[in-house]
Amino acid sequence: MKRYTLSRKERIKSKKLFDTIYSQNNLIVSKDQKVKAVFIIENQTENIPVKVTEAVSKKTGNAVWRNRVKRLLRESYRVNKFLLVDKCLERNISLAVVFSPYFLNQKRNPILQLSDVLPGMLDVINKIRSSI
RNA sequence: GGUGCAAGUCGGGCAGUUGCGUUGCCAAAUGCUUUGGUAGCGAGGAAAGUCCGAACUCCAUAGAACAGGAUGCCGGGUAACACCCGGGAGUUGUUUUGAGCAAUCUAACAAUUACGGAUAGUGCCACAGAAAAUAUACCGCCCGCCUUUGGUGGGUAAGGGUGAAAUGGCAGGGUAAGAGCCUACCGCUUUGGAAGUAAUUUCAGAGGUCUGAAAGGAUUAUUCUCUUUAAUGAGGAUAACAAGGUAAACCCCAUCCGGAGAAAGGUCAAAUAGGAAAGUCUUUCCGGUAAAACGGAACAGAGUUGUUCGCUUUGAAUGGCUUUCGGGUAGACUGAUUAAGAUUUGGUGUAAACCAUAUUCUAGAUAAAUAACUGCCGUCCCUUUUUAGGGAUUACAGAAUUCGGCUUACAGACUUGCAUUCCAA
RNA sequence: CGGGGUGUAGCGCAGCCCGGUUAGCGCGCUUCGUUCGGGACGAAGAGGUCGGGAGUUCGAAUCUCCCCACCCCGA
C-alpha cells in the first residue's frame with residue numbers, strides 16, 4: 001500500500017457520523033492555535049482505519065479562501081497520515097477526525113501557504129497519537 | 001512617442017514529481033464490485049448578485065372575464081425578454097456656421113432620456129403670496145362721486161411684489177387706462193397634400209368674434225341633404241388659441257402573464273411499525289363418527305387448601321407463525337450534460353441578426369474533484385550608478401440542471417477611434 | 001437553490017403606507033440647582049452623512065432603481 005494517498009473512501013461523508021463526532025466533543029487545539037480537531041475512537045475494526053474530513057465556517061472568508069484552507073489541510077494530512085494509520089492498525093481500532101482552522105480568517109491571513117498549516121497539523125496528529 | 005476618454009479582445013506560458021475527480025481501454029481478483037496499469041479531459045469573464053426572460057419537470061386547467069403583476073415613442077431582431085440594433089422626438093452641454101444691439105433662435109457635434117394619457121375622473125401643491133386652479137385683485141394705472149395728505153363705486157391684468165410654478169411670448173397699433181381688442185413674426189390647435197412601413201417631418205390653408213353663470217344660442221367659414229329655372233330658402237355636421245404642475249400619487253388606455261421549482265421529477269429499495277390477502281398451527285393419545293358432536297386418559301393454566309393428594313373449572317380468539325402484495329422512510333441510482341452549442345468560410349442586411357457550408361478541440365463534482373512542490377521564460381515590486389541580488393506569481397474571484405441578457409467587482413497587457421498639445425523631427 | 005425582513009443619536013425604538021413646516025420618545029451623557037456628600041428629583045443643553053450611490057419631484061428618512069452589511073425561514 002502506498003504511503004501518500006488519500007482516496008475518497010477515507011473521507012467522512014454521512015451526516016450521522018458528523019453528528020456523533022460533534023456530540024462527543026473531543027477537542028484538540030494545536031500549539032500555534034491555527035488548527036483544531038474533533039475526533040472519536042471506535043473499537044470495531046474495519047477495512048479503513050482512519051476517516052478524515054475538514055470543515056470551515058462560513059464567516060471566516062469567501063468561497064475561494066475557504067476552498068484553499070480545506071485543500072491545504074487535506075494536503076498536510078495526506079503527507080503525515082501514516083503516523084495515525086500505523087498506530088491504529090497496531091491497536092486494532094478505528095478513528096474519525098474532523099479538522100478545522102481555529103484562529104484563522106481572511107482578514108488576518110489573506111494569503112495562506114502550506115508552511116502556515118503544516119506545523120499545526122503535525123502537532124495535532126501527535127496529540128491524537130498520544131491520547132489513543 | 002506620451003497623457004486622457006470611449007469601445008473591443010485577453011485574463012500568464014512550457015516542462016517535471018506526487019496526489020484528487022471523471023471517461024475509455026487492458027490485466028488481476030471476482031462476478032454487487034474492487035485493485036493496478038495506461039491514455040484523454042478537468043473553473044470564469046464575470047462561474048458572483050439572483051434583477052429579468054426562457055428551456056425542462058410536476059400539478060391545475062372547457063372558454064372568457066374579474067382581481068393582481070409587468071411592460072409603455074416607432075420599426076426590426078429573437079424561443080422569449082425589464083435585452084439588443086436602427087430611426088424619431090425631447091433635455092443638457094460645447095464650440096463653430098448663420099440671424100440679432102442683446103436676451104435668444106437656427107445648424108452641426110457630443111452626452112443623455114422608466115419617452116402612452118393631465119381634454120375620462122379623483123387627490124395633492126408646505127412656506128410666501130391678493131390668488132395655487134370652482135378662480136381671484138395687495139401695491140399700482142384709469143374713470144365717476146364725496147366730507148379731498150384720503151375714502152368709496154367701477155374698469156383693467158400692461159407694470160411691481162411672492163413663489164419651484166401666476167393663465168402663450170415679443171413688437172407695433174389701439175385705448176380713459178388696458179387687454180388676441182387688432183396686426184406682423186414665433187409658438188399652439190386643426191384640415192388637406194407630399195415623403196416615410198411607422199413614430200414623425202415638411203408644404204399649403206383655416207383658427208384669437210359676440211352673448212351667457214353654465215348648458216347653449218347668435219354670427220362666420222367649410223361641407224352634406226332637400227327645394228328653386230336660377231338667385232335663394234330650410235335642415236344637419238364640423239371648426240372657431242387652450243384645460244399650470246404632478247401618473248417613480250390613485251388611476252385610464254393598449255399589450256403580455258395559470259402555479260411551483262432540480263430540495264422539480266423519475267427508478268430501485270434495508271430495518272422497524274402499521275395496512276391488505278393467502279396459507280398453516282390450535283397440548284398429545286385412545287375410543288367413537290361419513291365428518292363432527294361426544295366420552296376417557298395424560299399435559300398445561302386458574303381456583304380451593306397451611307402443604308400434598310384430591311376436588312372444581314378452563315384450554316379456539318380482537319391469537320401465533322410463514323409467505324405474498326402495495327404504499328414508502330434511511331440509503332442508492334437517475335435527472336446531468338450534444339446544446340436556441342462553439343469555431344472557420346461564404347452570402348443577405350445600415351446594424352442587431354439570419355441563412356448555407358465545413359470542422360468538432362467535449363468540466364460534470366454531489367459533506368462536493370480541479371491541489372502541492374520544483375525549474376525556465378514572461379510580468380510586477382524593492383535595493384543598487386550599472387552589472388547583479390532579493391521577493392511576489394499575483395486583480396476581482398470558485399461550476400452545482402442548462403441557456404439568453406442585465407447589474408456589480410477587477411491588477412495588468414494588447415488593438416482601434418477621438419481629444420490634448422507636453423517632447424522630437 | 002428558493003423565499004422574507006431589518007438598517008434613524010452611545011443603546012432600544014417611533015416617524016415611511018398617504019413626500020413639506022424644527023426628524024421625535026425612553027434610558028444614557030454634559031452643566032447647573034437641591035444635599036454635609038452621594039442617589040433620587042428639578043431645570044437647561046449637547047449629540048443625527050436617517051447604511052451607500054443615482055433618479056423622479058419645486059422639495060425625499062419617506063417614492064423608484066442599483067449596491068453594502070446583518071438576521072430569519074424552507075428537506
Side-chain angles (χ1 to χ4, degrees):
Chain A
M1 189 172 173
K2 288 204 171 186
R3 238 181 174 189
Y4 304 110
T5 60
L6 184 63
S7 74
R8 180 149 292 192
K9 301 214 170 149
E10 304 174 52
R11 313 280 313 274
I12 298 170
K13 295 177 87 172
S14 76
K15 188 178 161 66
K16 280 183 187 174
L17 193 51
F18 268 90
D19 288 343
T20 51
I21 288 169
Y22 277 103
S23 61
Q24 295 271 329
N25 206 13
N26 285 328
L27 187 71
I28 282 182
V29 181
S30 69
K31 216 179 271 179
D32 53 0
Q33 297 206 326
K34 281 182 176 171
V35 180
K36 69 174 180 180
V38 186
F39 67 100
I40 55 169
I41 305 166
E42 290 177 344
N43 288 321
Q44 316 163 357
T45 55
E46 295 172 8
N47 293 331
I48 298 132
V50 184
K51 281 190 160 190
V52 198
T53 194
E54 60 280 336
V56 186
S57 166
K58 209 172 186 179
K59 304 197 174 176
T60 51
N62 62 11
V64 175
W65 191 87
R66 278 182 273 134
N67 271 340
R68 180 158 182 85
V69 169
K70 285 164 82 171
R71 281 164 186 160
L72 288 175
L73 285 173
R74 200 184 309 150
E75 178 71 15
S76 55
Y77 170 75
R78 182 179 71 82
V79 174
N80 296 300
K81 75 175 224 182
F82 61 91
L83 293 171
L84 278 180
V85 173
D86 294 349
K87 189 93 174 181
C88 285
L89 286 173
E90 207 175 287
R91 298 273 179 116
N92 216 5
I93 56 177
S94 69
L95 202 64
V97 192
V98 177
F99 295 105
S100 291
Y102 193 59
F103 261 105
L104 289 172
N105 57 38
Q106 197 174 9
K107 282 184 182 174
R108 264 185 256 172
N109 315 74
I111 298 167
L112 274 180
Q113 296 295 313
L114 190 63
S115 54
D116 295 333
V117 183
L118 200 57
M121 176 60 75
L122 265 172
D123 192 39
V124 165
I125 287 175
N126 282 325
K127 280 185 179 177
I128 293 174
R129 274 188 77 185
S130 60
S131 74
I132 288 174

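Numbered from 1 within each chain, the chains take letters A, B, ... in sequence-line order.
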- Message: Please give the distance between the P atoms of B/G76 and B/G187 as a whole number of Å.
- Response: 33 Å

Given the 90°-from-0 boundary between syn and anti, B/G180 should be labelled syn

Output for pair (A/Leu72 CG, A/Phe99 CZ), nearest 0.5 Å, gives 14.0 Å

Same-atom distance (P) from C/C11 to C/G52, integer angstrom: 15 Å

For B/G11, the nucleotide meeting Watson-Crick or G-U wobble distances (both under 3.5 Å) is none

Rounded to whole Å, NZ of A/Lys81 lies from C1' of B/C20 at a distance of 12 Å

message = Would you measure the distance from the C1' atom in B/C74 across to the matching atom in C/C73 and give it in whole Å?
response = 47 Å

- If only side-chain N and O atoms of A/Arg68 are considered, is one of them under 4.0 Å from the OP1 or OP2 phosphate oxygen of B/A372? yes

Atom OH of A/Tyr77 and atom C1' of B/A372 are separated, to the nearest Å, by 17 Å

Whole-Å P distance, C/U64 and C/U49: 24 Å

Separation of B/A367 atom P from A/Ile12 atom CD1, nearest Å, is 13 Å

When both distances are under 3.5 Å in a Watson-Crick or G-U wobble arrangement, the nucleotide paired with B/U420 is B/G2

dist A/Lys70:NZ -> A/Arg66:CZ (nearest 0.5 Å) comes out at 8.0 Å

Rounded to whole Å, the CZ-C1' distance (A/Arg71 to B/G42) equals 12 Å

In whole angstroms, the gap separating C1' of B/C373 from CG of A/Leu72 amounts to 12 Å

Notebook entry, point to check: With distance as the sole test, does A/Asp123 use its side chain to make a donor-acceptor pair with the main-chain N or O of A/Pro119 at under 3.5 Å?
Noted result: no

Separation between NZ (A/Lys81) and CD1 (A/Ile125), nearest 0.5 Å, reads 11.0 Å

Applying the 3.5 Å cut-off to both distances, the Watson-Crick or G-U partner of B/G275 turns out to be B/C325

Assigned chi class of B/A43 under the 90° convention is syn

Relative to its sugar, using the 90° cut-off around 0, the base of B/G45 is syn

Rounded to whole Å, the CD-P distance (A/Glu54 to B/C20) equals 14 Å

- If the C1' atom of B/A65 is compared with that of B/G258, how far apart are they to the nearest Å? 15 Å

Output for pair (A/Leu83 CG, A/Ile128 CD1), nearest 0.5 Å, gives 11.0 Å

message: I'd like the C1' distance from B/U312 over to B/U305, given in whole Å.
response: 13 Å

Regarding the side chain of A/Asn62, the nearest nucleotide among B/A372, B/A368, B/G398 is B/G398

Pairing partner of B/A247, by Watson-Crick or G-U wobble and under 3.5 Å for both distances, is none

Atom CZ of A/Arg66 and atom P of B/A368 are separated, to the nearest Å, by 14 Å

**Asked** More than 12 foreign heavy atoms under 6.0 Å from NZ of A/Lys31: is that the case here?
**Response** no

Partner of B/U30 under the Watson-Crick or G-U wobble criteria, both distances under 3.5 Å, comes out as none

A/Arg78 has its side chain closest, among B/U18, B/G398, B/A371, to B/U18

P atoms of B/A114 and B/U408, separation to the nearest Å:
14 Å

The reported gap from OG in A/Ser131 to CZ in A/Arg129 (rounded to nearest 0.5 angstrom) is 11.0 Å

Per atom distances to the A/Gln113 side chain, the nearest of B/C373, B/A372, B/A369 is B/C373

If pairing means Watson-Crick or G-U wobble with both distances under 3.5 Å, then the partner of C/C58 is C/G20

As its Watson-Crick or G-U partner within any shown strand, both distances under 3.5 Å, B/C25 has B/G37

Per atom distances to the A/Asn67 side chain, the nearest of B/U18, B/G398, B/A369 is B/G398

| message | Please confirm whether the shortest side-chain N or O distance from A/Arg74 to OP1 or OP2 of B/U18 is below 4.0 Å. | response | no

What's A/Arg11 touching, base or sugar-phosphate or nothing? Going by heavy atoms closer than 4.0 Å. sugar-phosphate

Nearest heavy-atom contact between A/Lys127 and A/Ile28 is CD-CG2, 3.8 Å

Under a 3.5 Å limit on both distances, the Watson-Crick or wobble mate of C/G45 is C/C29

To the nearest angstrom, the CG-P distance between A/Asp116 and B/A372 comes to 13 Å

The glycosidic conformation of B/U337, counting syn as within 90° of 0 and anti otherwise, is syn

The answer to which of A/Val64 and A/Glu75 contacts RNA chain B further toward the 5' end, by nearest nucleotide, is A/Glu75

Considering only heavy side-chain atoms of A/Leu114, the closest of B/U370, B/A397, B/A372 is B/A372

*Can you tell me, in whole Å, how much space there is between the C1' of B/G160 and that of C/G19?*
34 Å

